[in-house]
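Every value quoted in this text rests on a predicted model; they were computed, and no experiment measured them.
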Amino acid sequence: MSSTSSSTGSTGTTSPSPPLTQLVRWLGAHTDFPRVRLSDAAERLLLLSVAAANESEAAANQNAGGGVQRRDQAKDAAMRAHAMRRSMVHYRCDNSAKV
């Protein structure tokens, strides 16, 4: 079942692989992972480091925009002009010129 989910997830070659997949690849390259397993404490430490890196990356991405939404000046100007035109509808002009 996991082979089908990994094959569907790897269709996008431009997106980086998930951190857990990177960890499994690293374990396979450096420790012969499927055949030889690390101790429980070592595996737990590696999983914690991946989770911490993932969380710090998510926090960095969230703060990348600065958290400040810029105002659209053109939209603000259009809204002010629209409000002014609507208020002018009720303006009455007295054209009785007293000469």
Side-chain angles (χ1 to χ4, degrees):
M1 197 154 81
S2 64
S3 63
T4 58
S5 63
S6 65
S7 65
T8 58
S10 64
T11 57
T13 57
T14 58
S15 66
S17 60
L20 194 57
T21 305
Q22 290 177 352
L23 174 65
V24 170
R25 286 182 184 160
W26 184 88
L27 283 171
H30 292 84
T31 63
D32 198 20
F33 172 64
R35 193 170 52 85
V36 178
R37 304 245 345 222
L38 297 174
S39 66
D40 288 341
E43 286 182 3
R44 193 175 307 121
L45 182 64
L46 286 173
L47 289 172
L48 265 169
S49 68
V50 167
N54 194 22
E55 187 172 329
S56 66
E57 183 179 321
N61 288 341
Q62 184 179 14
N63 292 334
V68 177
Q69 291 184 339
R70 305 276 185 231
R71 294 191 65 134
D72 186 6
Q73 293 178 355
K75 182 179 176 183
D76 291 344
M79 292 299 287
R80 281 193 303 271
H82 179 68
M84 186 183 75
R85 282 193 300 271
R86 287 192 59 166
S87 69
M88 293 299 286
V89 168
H90 304 290
Y91 178 73
R92 287 186 58 150
C93 180
D94 187 10
N95 285 331
S96 61
K98 310 250 193 291
V99 180

Residues that L45 engages under side-chain contact (heavy atoms from CB on, under 4.5 Å), provided they are two or more places apart: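 Partners of L45 under the side-chain contact (heavy atoms from CB on, under 4.5 Å) test: none.
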I need the [X] [atom1] to [Y] [atom2] distance, nearest 0.5 Å.
X: K75; Y: H82; atom1: NZ; atom2: NE2; answer: 12.5 Å
X: N54; Y: L23; atom1: CG; atom2: CG; answer: 12.0 Å
X: R85; Y: M88; atom1: CZ; atom2: CE; answer: 11.5 Å
X: S49; Y: R44; atom1: OG; atom2: CZ; answer: 13.0 Å
X: D72; Y: M79; atom1: CG; atom2: CE; answer: 11.5 Å

Side chain to side chain, L38 and L27, heavy atoms closer than 4.5 Å: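 In contact.
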Within-4.5 Å side-chain heavy-atom neighbours: T21 and V24: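 Sidechains of V24 and T21: no contact.
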Closest approach of V50 to L20 (non-hydrogen atoms, all atoms of both residues):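 Closest pair (atom of V50, atom of L20, distance): CG1-N, 4.2 Å.
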Non-hydrogen atoms of A53 and S56 that approach each other most closely: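 In this case the closest contact between A53 and S56 is O-OG, 3.0 Å.
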